[in-house]
Structure formats: C-alpha cells, structure tokens
Amino acid sequence: MLAYVLRKLAYGGLTVLGVLLLIFVIFFAMARPDDVARRALGEKAQGAQIEKWKAKHGYDKPLWPTLAKPGGSLLQAHYVSLLSFEFGNSDLNDSPIGTTIRDGMGASLALTIPMFLSGLVLGLVLALFVAFFRETYIDTMGVFLCVLGMSVSILIYIIGSQFVFAKMLRWFPISGFDTDVIADGNWNLLLRFLALPVTVGVLSSFGGDTRFYRTVFVEEVNRDYVRTARAKGAGEMRVMLRHVLRNAMIPILTRVVVAIPFLFTGSLLLEAFFGIPGLGSITVDAIAGNDFSVLRVMVYIFALLFILAQIATDISYTLVDPRVRLE
Amino acid sequence: MSEFLLEVQDLVTSFPGSGSERARVVDGVSFNIRPGEVMALVGESGCGKSVSALSLLRLVPKPGAIESGSVLLDGKDILSLSVPDMRKVRGHEMSMIFQEPMTSLNPVVRVGDQVVEAIRLHEDVSVKAARSRTLELFKQVRIPDPEVRLDAYPHHLSGGLKQRIMIAMALATRPKLIIADEPTTALDVTIQAQILSLLRQLQQELDTAVLLITHDLGVVNELADRISVMYAGRIVEQGDRREVLANPGHPYTRGLLRSMPGLGRPGEPLAEISGMVPAPADWPRGCRFCTRCSEVLDICESEVPARRRLSLTHHVACHAVEATE
Amino acid sequence: MESWMVSNLVVAVLLVGGAWIAVAVSRHDIWRAAVQQVWKRRPGAVLVVCVYVLLALLDSVAWRGNVDTGSDVVAQHEAVTLLERLFGDAQEKSYSAPLADIEFYDHSPLKHPGSHLFGTDILGGDVFLMTLKGARVALLIGGLTSLIAIPLALLFGIPAGYFGKRIDDVVFFIMSTLASIPTLLLLISITVALGRSTLVVCFALAVTSWVGFCRIARGETMKLREMDYVHAARLMGASETTIILRHILPNLMHLVVITFVLMFSGLVLSEAVLAWLGIGVNGSWGLMIAKAKDELSRDPAVWWNVGGAGVGLFGLLLAVNFLGDAVRDALDPRTRKES
C-alpha cells in the first residue's frame with residue numbers, strides 16, 4: 001500500500017515538473033518578456049523603459065540555461081519560485097501574490113464546496129431515480145431534460161438568473177459578497193449572497209452529470225450480479241443502493257475528480273459575475289490586466305490541486321474497488 | 001394438496017419482435033416436479049430454456065414479459081403474488097444457480113457477505129449467526145479453507161470455487177426447489193465433473209427438488225430423474241430419464257442423443273442435427289422442428305402436433321409417432 | 001488574396017469534399033447503415049444541423065459590388081456575403097425592439113419599421129441577421145479546432161498504442177501533464193500569451209481538447225494491435241506503416257466521427273466563456289451574450305440581443321447533442337451489438 005502511494009506521489013511530482021515546463025513555455029517562450037513589457041507599458045515604449053521594467057520585475061535574464069552558464073536563467077528562477085511557493089509580487093500593482101491568493105481562498109471555497117456537494121448529491125439521487133424507472137417515459141423525459149440543460153451556455157444561466165431572480169423579482173442581491181461574513185459567522189447574509197451563484201453553478205453542470213451517472217447506473221443494472229441479487233430475494237431499493245451504487249462508484253469517482261477543474265471553470269465565471277472576491281475573480285482581473293505573474297501562479301496552483309485530487313482518487317480506488325492491485 | 005411441488009401449466013413468455021407482434025420465446029410450456037426430484041430441461045441454446053427458468057422466478061429481463069399460464073409452487077400461484085410476496089419466495093423457497101459464475105457474483109462485495117445477505121434477507125438472524133451458517137455452507141459445498149474464503153472477493157477465486165459459492169448461496173435458506181441454469185457450462189471439464197458430483201451429493205443429502213437446465217445429455221444422465229426436451233419454445237418430449245434415453249420418441253431427441261459421444265449406440269458414427277435453432281421470428285407454423293427434421297411429413301409444416309402418450313410416464317409431440325394407448 | 005476570396009475557396013473545397021465523403025459513405029455498407037440509422041432516429045436534429053450548415057455556407061460566399069451602399073465610400077469596397085445580400089440593407093441608427101416601428105430609446109421612426117424580427121443592436125444592426133451569421137462562426141470554431149485536434153491526437157495516440165514502451169511513456173506523460181491543468185485556465189493562458197485571433201482561439205481549444213481523443217485513440221490502437229488480422233498482416237510481411245495505415249487507421253474512423261460530434265458542443269460552449277473574458281472570436285454568439293450583461297442592466301432592459309444569440313446557440317447545441325447520441329449508438333460497436 002505504502003509503495004503504491006509513494007509511486008503515485010512520485011508520478012504526481014513528475015507531472016508537476018511537466019506542468020511547470022508547460023507554464024514556462026506559454027508565459028515566457030510564447031509571450032516573450034519583451035512583449036510582456038510592451039503590453040504593460042504600451043506599444044510606444046522605448047528600449048530603455050522596457051529594460052527598466054524587465055529589471056524591476058525580474059525578467060532581465062536569459063530565457064534558457066546554456067552550457068556555458070547553467071545558472072541564472074529565467075527557467076531556473078521560474079522553477080525555484082513556484083516550487084518554493086515564493087510567488088513574488090504582481091507585475092501590475094506590486095502586491096504580494098501569495099497574500100492575494102490566501103485572502104481569496106476562503107471566498108472561493110465558500111462558493112465551491114456547497115456547490116460541489118449539493119450538485120453531487122442531487123445528481124446522484126436524480127440519476128438513481130431515473131435509472132430506477134429505466135425504459136419508461138420518466139427515463140426518456142429525464143434524459144431529454146438533461147440534454148436540454150447541457151445545451152445552454154453557463155453565461156445564459158448566469159445572466160438569465162440574475163435578470164429574473166435578482167433584477168425582476170428582487171429575491172437575491174444581483175451580486176456581492178463580504179469576506180467578513182465568514183469570520184462573523186453571519187450565515188443568513190452568507191446564504192443570501194451565495195444562494196443564486198450556487199444554484200446557477202449546480203444547474204449548469206447538472207444535465208451532463210446526471211446523464212452520465214444514469215448511463216453508469218443503467219449499465220450496471222443489466223449486469224449478471226444484479227440478477228443474482230434479485231434471485232436472492234433482494235428488493236429493488238436494496239439492489240440499487242447496495243449492489244448497483246457500490247459498483248457504479250468506480251466510474252463515478254473518476255468523473256467527480258475530473259469535474260474538479262470544471263468546478264473551478266464554473267466558479268471563475270460565477271465569482272466574476274456575482275462579485276465574489278475569490279480565486280476566480282483574481283484570475284479574471286489578471287486576464288483583464290494582462291498580469292501574467294498572477295495568471296502563472298493560478299495555473300500552477302490549480303494544476304497542483306488537480307494532481308493531488310488525482311492521487312487521492314487513485315488511493316480511494318483501492319478502497320472502493322477490491323480488484324485494483326497495489327503493485 | 002397435489003403430489004407435485006411445482007406445477008407449470010401453459011407458460012407463455014414473450015419479447016417484442018421486429019414488428020408489432022411479440023415473439024413467444026416460451027410458448028405453452030407445461031411440466032411438473034415432485035419434491036426431491038431432479039427434472040432436466042434439455043435443448044440447444046436459443047430454445048427458451050433459460051427464459052422458462054427466469055419466468056418461474058419472475059425475473060424475465062425487460063422488455064420481456066410473462067403473457068399467460070400458471071406456475072404453482074406448493075399450490076401457491078407464483079404469477080399472481082404481490083411483488084413483496086414474490087421477493088419472499090425468491091432465494092427462500094426457490095433459488096437459482098446461474099450459468100456464469102464469473103459475472104454472477106458482485107465484484108466489490110466479499111463472497112461471505114453475499115451469502116450472509118442471502119440468509120438475512122429471509123431470516124431474522126444476527127450477522128454473527130448468519131456468518132457461522134455461511135461457514136457451515138462453505139464446508140458443505142467443499143470449499144477448501146472456508147474461513148479464509150469468507151473474506152475473499154470474487155476475483156480472488158477460480159470459476160469452480162465461484163460456482164461453489166453460488167451453490168452455497170442457493171442452499172442458504174434450504175429452498176424446496178433449486179433452479180440450476182447450465183451450472184457447469186462455463187467451467188473446465190475437470191471442474192465440471194466435481195461440481196456435478198457435488199450437486200448430486202447435496203441433492204441426495206438435502207432431498208431438494210432441482211430443475212436442471214442444460215444442453216448436455218451427459219449431465220442429464222448423471223443427475224436427472226425425469227427429462228423435458230425443449231425445442232423452439234415448446235416441450236417436444238417428456239418422460240422418465242431411462243425411458244427417454246433408451247427409447248427416444250421425438251426425432252429431435254434422437255438427434256441430440258446421436259450427437260452425444262458415448263450416449264449413442266456404440267459403433268455408430270457421431271451424427272449432427274443439421275442447421276441451428278431459427279430465431280423466434282422464423283419459427284414455422286406447424287411443428288417447429290420441421291425445418292430440420294429428417295423424418296418430416298407433409299402435415300408437419302401446417303399442423304402443430306398434439307401430445308401422444310408412449311407410456312404412463314412418457315409422452316411426445318410428433319406427427320410421426322403412433323400413440324400406444 | 002483577401003479574406004473573402006479565401007472564404008469562397010474554402011466553401012468550394014468543402015462542397016467538393018462533402019460530395020466526395022457522401023459518395024464514399026454510400027459505397028460502404030456499415031457507414032451507409034449508420035447514416036440511415038441516425039436519420040431514422042433523429043431526423044429533427046439532422047435537419048436542424050443541416051440548416052445551420054447551410055446558413056454558414058451562405059455566409060461564407062461573398063463578393064464585391066452590386067449593393068447600394070449610398071454615400072458610404074468604405075462600404076463599397078467591402079465584400080458582402082450571400083446571406084447579407086438575401087437580407088438586404090437593414091441598418092438602423094440604434095436599438096429597436098423586435099418588430100418595432102420606432103427606436104427604443106429616442107422613439108424616432110425606423111428606416112425599416114416592423115422588419116426586425118429580433119430587433120436591432122446598439123449600432124442599429126439587425127440582430128436576426130447577426131444571429132444567423134453566428135452559425136458560421138460557431139461551425140468555424142468547431143470545425144477548425146477539430147481539424148487541428150484530431151490529426152494531432154491520431155499522430156500521438158496511434159504510435160503510443162501501437163509501439164508502446166518508451167513512445168507510450170512519453171505520450172502518456174504529455175497527456176497527463178496537459179490534463180492536469182484545468183481546461184479553461186490552459187485555454188486562457190494560451191490565448192492571452194499568443195494574442196487574440198480566431199486562429200489562436202481554435203489552436204488553444206485544440207490543445208485542450210486533443211488529450212481526451214488521444215487517450216481513446218491510444219486505447220483502441222492497443223486493442224487493434226492484438227487483433228488476429230493485424231498479426232496475420234505482420235506474418236505476411238507488411239511493414240508497420242502499412243499496418244497502421246491499412247489496418248489500424250480505418251478502424252479508428254468511427255471513433256473519429258463520434259469524438260468529433262461529441263466534442264463539438266463543448267468547443268462552442270468554451271468559446272462563449274472565452275468571449276465573455278474578452279478573448280473570443282468576432283461575431284460569435286458568445287460575444288453577443290457577453291455584451292448583453294450591460295444591456296440587461298439598462299433601464300428598460302435590452303433583452304433581444306442575448307435572446308437571439310441564446311436561441312441560436314441553444315438550437316445548435318441541442319441538435320448536436322441529440323445527434324451525438326444517435327451517432328454514437330449507430331457507430332459504437334459496443335452499443336451497436338445491443339440494439
């Protein structure tokens with residue numbers, strides 16, 4: 001078991017190094033420091049100005065290490081800074097990136113955790129319900145509604161719900177958030193701020209998820225061991241919950257982890273639209289301001305989270321599926 | 001009370017066909033089983049044997065459905081039971097052993113727990129008591145190292161061991177009738193013999209009635225008291241094992257016997273029945289075997305043959321056979 | 001050569017290519033049966049997709065002249081597409097509600113009262129026409145991206161699956177690295193770093209979407225490699241290249257088609273998100289929706305812009321999603337056996 005975990009961790013570490021290389025290629029080789037400086041200073045910037053800007057923000061080094069001079073390249077600085085979590089200051093406003101991210105974490109999690117959990121539970125329950133009534137009109141209707149939901153852009157969900165529930169009906173604030181409410185424990189206010197974005201977030205991923213879970217359930221229901229369970233005298237409920245759900249957890253687990261980056265995708269837009277000052281909003285601001293220093297760190301952090309989640313799934317497989325071998 | 005444990009009368013089970021008509025995969029099947037008796041249901045694949053068996057448990061997969069007929073177990077009408085009452089019959093009074101031990105066990109549940117579940121679904125006993133009963137069952141079906149196997153997962157076990165687990169599960173609550181659907185087909189030949197002798201021993205020890213479904217007349221010869229030969233959804237011949245094997249009335253039975261090495265007459269070349277069972281949509285109007293029969297008459301194509309008695313315990317549905325009584 | 005000429009040329013190539021594919025499909029029983037099955041199961045979805053394709057083609061054929069542009073000198077030198085010609089000149093001064101006779105805010109009479117089915121936008125452009133024109137952009141995004149992503153995926157996936165060992169390790173590492181970065185962030189990073197253009201957006205979408213397909217191609221190739229007919233071909237002395245081209249690649253084609261259809265809606269949805277972030281493609285529905293955030297907060301709200309784009313996007317995606325299911329059921333051997 002330990003060897004298995006260690007091997008997964010080692011491969012994860014290797015992937016992190018690969019991700020860092022990819023980030024470097026995108027943000028240093030595709031967009032060269034000179035271009036970055038010019039974007040920050042304007043097209044008419046003079047050579048001296050550019051050099052000064054590059055020196056100030058630490059871009060005044062050769063891109064790649066050479067045999068003659070292996071140290072002191074941007075590549076090395078990039079790896080060192082991200083791997084040691086010394087993110088430095090923003091190119092745009094010199095604020096420390098590490099602090100900005102730490103401050104944004106709470107608001108992001110306040111949005112994504114309830115969204116993730118309620119979406120998962122709701123999707124699973126509805127998929128079980130639809131699979132229970134497979135090959136009836138309830139099933140057909142359910143699948144149809146799922147495809148309908150999948151075909152609407154998340155932008156439409158956001159704009160539409162803001163327009164209807166916040167602007168016309170005035171049930172919720174259009175947008176806004178207060179990081180203090182978490183510290184104060186003012187749950188009522190928190191709920192008012194989060195109700196709409198959470199609902200929209202669940203709604204936007206709901207169709208695709210439910211349809212996927214249903215497919216998995218229906219596939220499992222037709223397997224031989226389910227027939228055995230019925231022949232033993234197990235009721236439909238017991239068959240679904242004890243036998244089908246347990247086997248279906250294996251593909252579902254994969255899907256749920258793969259959904260974690262998509263979770264962020266959704267929350268990026270949700271945070272920006274609903275004015276929640278989390279990591280998503282920070283990213284959107286960085287895009288608007290061409291702030292590569294922040295964007296880089298964001299990509300790195302989310303890739304890191306994703307890789308960790310991946311390792312967690314691999315380990316949880318061994319708990320759910322006895323057939324996974326540990327060698 | 002009748003002398004029979006199970007009485008199946010004119011059972012019809014159908015599946016949606018290509019057109020609007022439903023294909024009757026099981027078309028008017030009748031047979032009886034006495035307590036403690038082994039009845040073999042014999043025929044090639046595609047004859048409707050398995051669907052007949054699943055019909056008895058009311059487990060025909062959707063969109064198939066039982067259309068008509070009656071199934072009496074101990075005088076109780078199975079087909080009119082409520083769903084919860086039917087659940088009490090399954091695995092309790094009547095249980096089933098399936099053809100594919102590889103896939104018939106839940107892959108993520110320990111095999112011991114699967115047998116424990118079968119017990120606790122029908123009897124109000126503690127997990128501990130059910131577990132010790134399971135251990136006894138494992139010993140009874142001759143599983144080596146039964147204590148260790150209790151906590152094994154299906155993928156740890158060989159096909160033969162899995163089938164022993166399935167048998168243990170079927171025996172768990174001492175049912176009056178066990179349906180064994182091709183219990184040895186998926187196994188290696190050496191394992192087949194072991195499982196067969198186990199089934200015979202257990203059947204004699206426990207005096208359980210068995211409905212044995214097979215295409216293998218060798219298996220029938222080993223186990224069965226009586227034989228029903230099924231072809232294309234209908235029973236074409238029925239009788240005591242000795243009578244049917246020694247004096248087969250239906251050309252299909254004769255064909256099956258001739259194609260069995262060791263069971264036909266010595267010295268005769270091994271024969272085969274030409275062609276294969278047609279799909280339900282192509283079943284002929286008269287005798288369904290007429291497309292493959294070597295002794296076909298004009299009447300066979302247009303009229304369904306009636307049942308003719310050859311003896312008190314042996315009857316055949318064939319136009320070419322003269323009734324003796 | 002100017003862009004409208006390229007566009008005309010592409011249309012010609014597409015028409016010839018389409019005809020060639022139609023002939024090829026009708027000659028192969030499996031493909032013809034699949035097409036018939038899809039048509040039988042989802043005739044509505046097929047028709048809707050055809051309408052979108054037709055609109056896109058109409059909007060891709062353009063030429064200069066023969067249009068009354070009045071005193072606008074610049075406009076005289078611009079090519080006008082067939083679709084725009086069919087609708088004629090529908091320019092107004094500013095916002096007007098659907099089928100209105102007067103402008104929305106200053107109530108002055110319109111040039112073409114009652115003719116704007118979806119109203120007009122801030123510059124007086126006909127929203128209905130813009131919505132129709134969005135079809136071309138959406139199909140361009142989906143098509144161009146697939147054109148980059150699918151060959152890329154095959155190029156990496158087949159050797160990885162076929163040769164295994166080192167090649168497989170390297171490809172697998174590349175895939176897991178790319179898959180570790182959340183799609184949208186990778187998309188944004190590439191688009192921001194390379195600058196904003198249609199080609200860059202499609203390239204970025206291709207980079208993020210090829211991994212999934214590469215994984216499928218790799219897995220399927222591994223399976224095909226062990227097939228008896230591949231062994232037989234090798235015994236008869238066929239070279240690895242011949243085996244890949246003649247025995248592996250043709251047996252991946254059904255997966256290519258399934259993936260293309262299933263991938264499509266995700267690509268168009270992603271572009272909409274990029275558009276809102278300010279890095280989308282000009283003229284896309286995503287951009288129309290993105291602009292609507294401010295328009296909805298006007299008082300009274302301007303809703304028809306987002307409405308038109310929303311309907312255009314929803315209609316295409318719904319049809320493609322339903323089509324995707326039917327195509328998969330018709331072509332995937334796993335589901336084909338059951339039906």
Side-chain angles (χ1 to χ4, degrees), chain A residues 1 124 130-140 142-143 214 216-254 313-327, chain B residues 16 50 53-54 56-63 83-111 113-123 151-156 162 165-166 169-170 172-173 175 178-179 181 186:
Chain A
M1 183 72 190
L124 283 179
V130 171
F132 192 87
F133 290 102
R134 64 199 168 276
E135 282 167 40
T136 65
Y137 70 98
I138 294 178
D139 184 25
T140 320
V143 174
R214 177 205 163 266
V216 173
F217 287 144
V218 169
E219 215 165 84
E220 287 297 327
V221 163
N222 289 322
R223 294 204 194 274
D224 285 349
Y225 70 83
V226 174
R227 193 178 56 186
T228 309
R230 290 214 183 93
K232 272 197 262 187
E236 249 339 90
M237 256 319 187
R238 193 184 173 81
V239 167
M240 276 295 187
L241 294 180
R242 190 180 147 92
H243 293 276
V244 172
L245 189 61
R246 238 168 120 176
N247 278 279
M249 277 325 284
I250 298 157
I252 286 175
L253 208 63
T254 319
T313 342
D314 283 338
I315 293 171
S316 53
Y317 270 153
T318 62
L319 304 177
V320 181
D321 189 349
R323 286 163 296 183
V324 172
R325 288 184 306 170
L326 297 178
E327 298 91 64
Chain B
S50 290
L54 289 171
L56 302 186
L57 281 170
R58 281 174 45 191
L59 283 177
V60 182
K62 282 186 219 173
V83 172
D85 285 343
M86 186 64 218
R87 217 177 287 149
K88 282 177 202 142
V89 171
R90 285 184 202 138
H92 189 38
E93 295 173 45
M94 184 160 47
S95 59
M96 189 154 175
I97 302 167
F98 294 99
Q99 180 173 359
E100 286 288 342
M102 303 299 167
T103 53
S104 292
L105 288 166
N106 190 332
V108 301
V109 179
R110 294 171 200 275
V111 290
D113 292 345
Q114 299 192 46
V115 180
V116 166
E117 186 190 14
I119 295 171
R120 280 170 46 89
L121 274 169
H122 299 290
E123 287 173 34
D151 290 325
Y153 285 100
H155 71 279
H156 293 140
K162 275 187 222 172
I165 306 268
M166 287 298 290
M169 201 188 290
T173 51
I178 293 178
I179 302 169
D181 185 1

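Every chain is numbered from 1 and lettered A, B, ... according to where its sequence line falls, protein lines coming before strand lines. Keep in mind that what you see is a predicted model, and the values were worked out from it rather than measured.
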Note to self: What's the separation between atom CZ in Arg230(A) and atom CZ in Arg90(B), rounded to the nearest 0.5 Å?
What the structure shows: 8.0 Å
Checklist line | Option that, when pairs with chain A are counted at under 4.5 Å, heavy atom only, ranks first among Ala172(B), Pro61(B), Ser104(B), Pro154(B) | finding: Ser104(B)
Notebook entry, point to check: Measuring from Gln99(B):CD to Asp224(A):CG, what's the distance to the nearest 0.5 Å?
Noted result: 9.0 Å
Checklist line | Winner by heavy-atom pair count (cut-off under 4.5 Å) against chain A, out of Pro107(B), Ala170(B), Ser95(B) | finding: Pro107(B)
Notebook entry, point to check: Non-hydrogen atoms of chain A under 4.5 Å away: do they reach the side chain of Met86(B), the backbone, both or neither?
Noted result: neither
Note to self: As an exercise: rank Lys232(A), His243(A), Arg242(A), Arg238(A) by heavy-atom pairs under 4.5 Å with chain B and give me the winner.
What the structure shows: Lys232(A)
Next item on the list: Determine which pairs satisfy salt bridge (charged side-chain N to carboxylate O under 4.0 Å, His left out) with at least one residue from residues 93-105 of chain B, sequence neighbours left out, and list them in order.
Entry: Lys76(B)-Glu93(B), Glu93(B)-Lys176(B)
Check: Can you find a pair of side-chain heavy atoms, one from Arg227(A) and one from Leu54(B), that are under 4.5 Å apart?
Finding: yes
Next item on the list: Any chance you could measure Arg87(B), atom CZ, to Glu236(A), atom CD, to the nearest 0.5 Å?
Entry: 8.0 Å
Item checked: Proximity breakdown for Arg223(A) and chain B, heavy-atom pairs closer than 4.5 Å -> neither
Check: What's the shortest heavy-atom distance between Leu57(B) and Ala231(A), and which atoms?
Finding: CD1-CB, 4.4 Å
Check: Applying a criterion of heavy atom separation less than 4.5 Å, what residues of residues 113-121 of chain B form contacts with chain A?
Finding: Asp113(B), Gln114(B), Glu117(B), Ala118(B), Leu121(B)
Notebook entry, point to check: Roughly how far apart are Thr228(A) OG1 and Asn106(B) CG, rounded to 0.5 Å?
Noted result: 9.0 Å
Notebook entry, point to check: Is it the backbone or the side chain of Met169(B) that comes under 4.5 Å from a heavy atom of chain A, or both, or neither?
Noted result: side chain
